[in-house]
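Atom set for the values below is all heavy atoms of this structure, side chains included, hydrogens, waters and symmetry mates excluded.
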Amino acid sequence: MTDIKLYNTMARAKQDFTPIDDKNVRMYVCGPTVYDRAHLGNARPVVVFDVLYRLLRHVYGPDHVTYVRNFTDVDDKINATALARKEAGAPGTLEELVHERSNETIDWYLNDMRALGAMDPNEMPRATEFIQPMIDMIEDLIAKGHAYPDGAGHVLFSVKSYGDYGQLSGRSVDDMIAGARVEVADNKRDPMDFVLWKPSTDDLPGWDSPWGRGRPGWHIECSAMSHDLLGASFDIHGGGNDLQFPHHENEIAQSKCSHPDAGFANYWLHNEMLQVEGKKMSKSLGNFFTVHDLLEQGVPGEVIRFVFLGTHYRKPMDWTEKKRAEAEATLRKWRGLVAGLEGNEKPHDLIVQALADDLNTSLAISALHTLAKKVEETGVGGSVLKSSAKLLGLLIDDLGDWAVAPSIDLSGLAQKLHETRVEAMQTKDFAAVDALKAALTEAGVQIRMSKEGVELEPGTGFDASKLEGLL
């Protein structure tokens, strides 16, 4: 069996992965709060942990891996959208409109992530489906002295009651107070205490509880859902590194105080954040976009995935137009090499070993380039190339429609561009070359020029009508 090594944030080291039960490997990943479209940064953990899910299924067998990723459908932003719709005259109760908004955004999310080649997890629980387990866990924490009601409908977790608080992030409580947005309130015994339950007004969604009508805090949701679906101890907990504190730190405190004899998660994995053209993605910089935006612009989901996988998950990833173009050209070429092949052979060991070494996707892609070059030179090994790429969620048949080249002969235009270029080399006047290249690019044609000649291929957004009159 392949030995897997993973970087465990809790240990701050790469460790051998040993599941609690190799017949029941369990992973929980924090999913989205479903109030709007998923932006590009939201998609990175989806792709990262999809690759890990594929690797675990390959090593332990598809029937021996359980992957849970939740939906947070209790949130002020969801409520605000539903309330705006109600005020605008939408039919239904506010609770029905909240549910409608959640369903809408969950569908958007799943469709966008599937377009990136992400497999659906085994379980995708909604927070609203697990309110009673959350209430039960809160009652248990109160009984054990780890939480307290304030008498006004709130229940708070007592951070000082858990001596190991801060182990995951490696910071002391004082450091956390100084470096975090900590809500100081009169009902808190300590500034770091956090909300497990809070009251709801009559016009907002809420549930009956021993502390009055209210709703859960964010952190308790994942503790209750992971316990119900995976048990008190499971193998892997993942998410973006922005969740490390306070969300994951608080999850650990709740879960270990509720189940002191269990380990909660044995391995903690966190992916780094995403940038766009070297800058943090933000609406103020004008470089903020959703996955749906890119898909609507004609960027194939498989290309987005390829760009993500070109950077190790523990390094900041920079989305650039250059990377997008290179990824598209590479995938189009690879799809041509494996056209008509099933790809049912075992993935190449180089790819498996790269992924088994803390999901080294950049090394795996480098190995795929080597395999592709061999196929190109010898015409042999296309099926292994495809099966190896499929382990990374690439070259999957369902994602390949974008790469089907339109049936159009561009050889005449390629010859014209070559001849125009040869003439320009003699006259030193490249105006005609530049004009022809600009027209071809405008039509969505990819251009590759070398000493030997010119190659033209239809690219994303190809429009044959724009080629009229160029010959």
Side-chain angles (χ1 to χ4, degrees), residues 28 30 33 68 70 72-76 79 125-169 171-174 176-177 180-202 204-234 237 243-265:
Y28 186 95
C30 291
T33 301
V68 177
N70 72 295
T72 293
D73 57 348
V74 183
D75 182 76
D76 289 336
N79 294 342
R126 299 186 185 199
T128 52
E129 300 169 341
F130 288 79
I131 299 297
Q132 190 56 51
M134 296 175 203
I135 292 173
D136 294 343
M137 183 173 277
I138 295 170
E139 286 189 296
D140 181 57
L141 289 168
I142 293 172
K144 290 175 177 172
H146 295 293
Y148 56 93
D150 69 351
H154 296 86
V155 181
L156 296 107
F157 183 88
S158 175
V159 167
K160 285 187 175 177
S161 74
Y162 179 57
D164 289 334
Y165 192 85
Q167 275 194 345
L168 182 68
S169 55
R171 292 179 287 179
S172 69
V173 172
D174 289 341
M176 292 180 197
I177 292 174
R181 292 174 294 176
V182 176
E183 181 185 353
V184 179
D186 293 337
N187 64 339
K188 288 186 177 184
R189 295 177 183 172
D190 186 274
M192 285 298 295
D193 292 352
F194 57 88
V195 172
L196 299 175
W197 190 265
K198 53 188 174 183
S200 282
T201 58
D202 291 340
L204 291 175
W207 293 264
D208 292 333
S209 80
W211 318 286
R213 185 175 180 276
R215 54 197 174 109
W218 175 33
H219 312 301
I220 196 69
E221 296 175 14
C222 288
S223 285
M225 287 187 282
S226 64
H227 177 265
D228 255 40
L229 295 170
L230 297 177
S233 297
F234 54 93
H237 196 313
L243 300 180
Q244 190 173 322
F245 176 82
H247 185 52
H248 289 166
E249 201 78 73
N250 292 351
E251 272 190 76
I252 292 169
Q254 296 162 164
S255 297
K256 287 205 170 184
C257 287
S258 184
H259 306 284
D261 297 328
F264 192 38

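- Between the CD1 atom of Ile138 and the CD1 atom of Ile220 there is a distance of 5.0 Å, given to the nearest 0.5 Å.
- Phe194 CZ to His247 NE2: the interatomic distance, rounded to the nearest 0.5 Å, is 10.5 Å.
- Of the possible polar contacts, none joining the Ser255 side chain to the Ile252 backbone as a donor-acceptor pair under 3.5 Å is found.
- Remark: the Thr33 side chain and the Asp75 side chain contain no N/O donor-acceptor pair separated by less than 3.5 Å.
- Looking at Lys256 and Asp261, no side-chain N of the basic residue comes within less than 4.0 Å of a carboxylate O on the acidic one, giving no salt bridge.
- If you take CZ on Phe157 and CE on Met192, they are separated by 11.0 Å, rounding to the nearest 0.5 Å.
- No donor-acceptor contact under 3.5 angstrom links the side chains of Ser158 and His146, judged on distance only.
- A donor-acceptor contact under 3.5 angstrom links the side chains of Asp136 and Gln132, judged on distance only.
- In terms of modelled atom types and a separation under 3.5 Å, the side chain of Tyr148 and the main chain of Arg189 share a donor-acceptor contact.
- Summarising the geometry of His237 relative to Ala265, their closest heavy-atom pair is CB-CB, 3.5 Å, with the distance given to 0.1 Å.
- Partner of Phe130 under the side chain to side chain contact (heavy atoms under 4.5 Å, CB included) criterion, out of His227, Met225, Met137: Met225 alone.
- Taking each heavy atom of Ser258 and Asp140 in turn, the nearest pair found is OG-OD2, 2.9 Å.
- Proximity of Cys30 to His248: side-chain heavy atoms (C-beta onward) are separated by under 4.5 Å at one or more points.
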After noting the C-alpha distance and the side-chain angles of Phe264 and His259, does the key distance pass the ring-ring contact (aromatic ring centres under 6.0 Å, His included) rule?
CA-CA 8 Å; Phe264 192 38; His259 306 284; 9.0 Å; no
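- Closest heavy-atom contact between Lys160 and Asp190: CE-OD2, 2.9 Å.
- Between His154 and Trp197, the distance from one ring center to the other does not fall under 6.0 angstrom.
- In this structure a side-chain-to-backbone donor-acceptor pair under 3.5 Å is present from Ser209 to Trp211.
- If you take CG on Leu243 and CG on Leu168, they are separated by 10.5 Å, rounding to the nearest 0.5 Å.
- The main-chain N or O of Thr201 is found under 3.5 Å from a side-chain atom of Arg213 such that the two form a donor-acceptor pair.
- Side chain of Lys188 to backbone of Asp193: a donor-acceptor contact under 3.5 angstrom is found.
- Looking at Asp73, Asn70, Thr72, Val74 one by one, the single match for side chain to side chain contact (heavy atoms under 4.5 Å, CB included) with Arg126 turns out to be Asp73.
- Around atom CG of Asp202, no more than 12 heavy atoms belonging to other residues, nucleotides or ligands sit under 6.0 Å away.
- Here the CD-CG distance, from Glu139 to Leu196, works out to 12.0 Å after rounding to the nearest 0.5 Å.
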Could you check Val155 against Val195 for side-chain contact (heavy atoms from CB on, under 4.5 Å), going step by step and ending with a plain yes or no?
CA-CA 6 Å; Val155 181; Val195 172; over 6 Å; no
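- Of the inter-residue distances, the one linking Ile131 atom CD1 with Arg215 atom CZ reads 10.5 Å to the nearest 0.5 angstrom.
- The two residues Ala127 and Glu221 make their nearest non-hydrogen contact at CB-OE1, 3.4 Å.
- Summarising the geometry of Ser200 relative to Pro205, their closest heavy-atom pair is OG-O, 2.9 Å, with the distance given to 0.1 Å.
- Of all heavy-atom pairs spanning Ser161 and Gly145, the tightest one is CB-O, 4.0 Å.
- Checked by atom type and distance alone, the side chain of Glu249 never pairs as donor or acceptor with a backbone atom of Tyr165 at under 3.5 Å.
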